Amino acid sequence: MTRVRRFWLMKSEPNVFSIDDLRRAARQTTCWDGVRNYQARNFLRDDIKTGDGVLYYHSNVEPVGIAGEAVVVRDGYPDYTAFDPDDVHYDPKSDPRKPSWYMVDVKFVRACEDGITLKRLKSLSALRSMLAVQRGQRLSVQPVTAAEWRVIMGLPEWG
DNA sequence: GCCAACGTTGGC
DNA sequence: GCCAACGTTGGC
């Protein structure tokens, strides 16, 4: 029984961890730690699976937008940074026997050199209902539909 | 740096 | 269970 591949958008502040950091990381892979929102947690724990496609989104930078593509290489597992008092993402309420927070591992696929800006995404009528272009949308891990994925993968910005 | 939008907390 | 206060996110 094969599962249908799903697609996601994950936000990262590039001054914390950028698509180039991912490209240069060991095995070009990182754990997606530090998510502390329950809706995003549920996606990481239950829905995001190895092989799923990821739009790597740069937030809090000029300009904001999609900076590259990644792929999920490990299903959800407990976010151990929540257990470490020295970690910025430490959460004393997360019990290792019943973890509150989860993460997946993602691997670099390609960077989009000049990026696909949010402004550009908003200009495409095919992406009108995409979550990322909605006003006030703060969720750091978002589902992307297959149709939206196809539109974005077909943009000339990928080179 | 500002601030609108949103999620969480905690008093009641 | 409500909701005001608070803290955070993230576009601008």
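The model shown is predicted, which means the values in this text are computed figures rather than measured ones. So you know, we letter chains A, B, ... as the sequences are listed, proteins then strands, and number each from 1. All values below were derived from every heavy atom in this structure, side-chain atoms included, with hydrogens, water molecules and symmetry-related copies excluded.
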Contacts of Asn60(A) meeting side-chain contact (heavy atoms from CB on, under 4.5 Å) (sequence neighbours excluded), chain-then-number -> Glu13(A)

Sorted by number, residues from residues 30-47 of chain A placing a heavy atom under 4.0 Å from DNA chain C are none

Rounded to whole Å, CD1 of Ile66(A) lies from P of dG10(C) at a distance of 15 Å

Across all chains, not counting sequence neighbours, the side-chain hydrogen bond (donor to acceptor under 3.5 Å, both in side chains) partners of Arg36(A) are Asp79(A), Thr81(A)

Check: For Trp32(A) and Asp105(A), does a side-chain donor sit closer than 3.5 Å to a side-chain acceptor?
Finding: no

Sorted by chain and residue number, the side-chain contact (heavy atoms from CB on, under 4.5 Å) partners of Arg3(A) (sequence neighbours excluded) come out as Arg6(A), Lys49(A), Asp52(A)

Sorted by number, residues from residues 78-99 of chain A placing a heavy atom under 4.0 Å from DNA chain C are none

For Phe83(A), the other hydrophobic cluster members (4.5 Å side-chain criterion, sorted by chain and number) are Tyr77(A), Tyr80(A), Met103(A)

query: Is Lys119(A) touching bases, backbone alone, or none of the nucleic acid, heavy atoms closer than 4.0 Å?
result: nothing

Hits for side-chain hydrogen bond (donor to acceptor under 3.5 Å, both in side chains) against Asp114(A), two or more places apart or cross-chain, chain-then-number order -> none

Applied to residues 137-159 of chain A, the salt bridge (Lys or Arg N to Asp or Glu O under 4.0 Å) test, sequence neighbours excluded, yields Arg120(A)-Glu157(A)

Salt bridge (Lys or Arg N to Asp or Glu O under 4.0 Å) filter on Lys98(A), not counting sequence neighbours, yields none

Besides Val73(A), the hydrophobic cluster formed by Ile, Leu, Val, Met, Phe, Trp and Tyr side chains linked at under 4.5 Å, directly or via other members, contains Val71(A), Val109(A)

For nucleotides 1-9 of chain C, 5' to 3', base contacts (B), sugar-phosphate-only contacts (S) and non-contacts (-) with protein non-hydrogen atoms under 4.0 Å give ------BBB

Note: with side-chain heavy atoms under 4.5 Å as the link, the other cluster members for Tyr90(A) come out as none

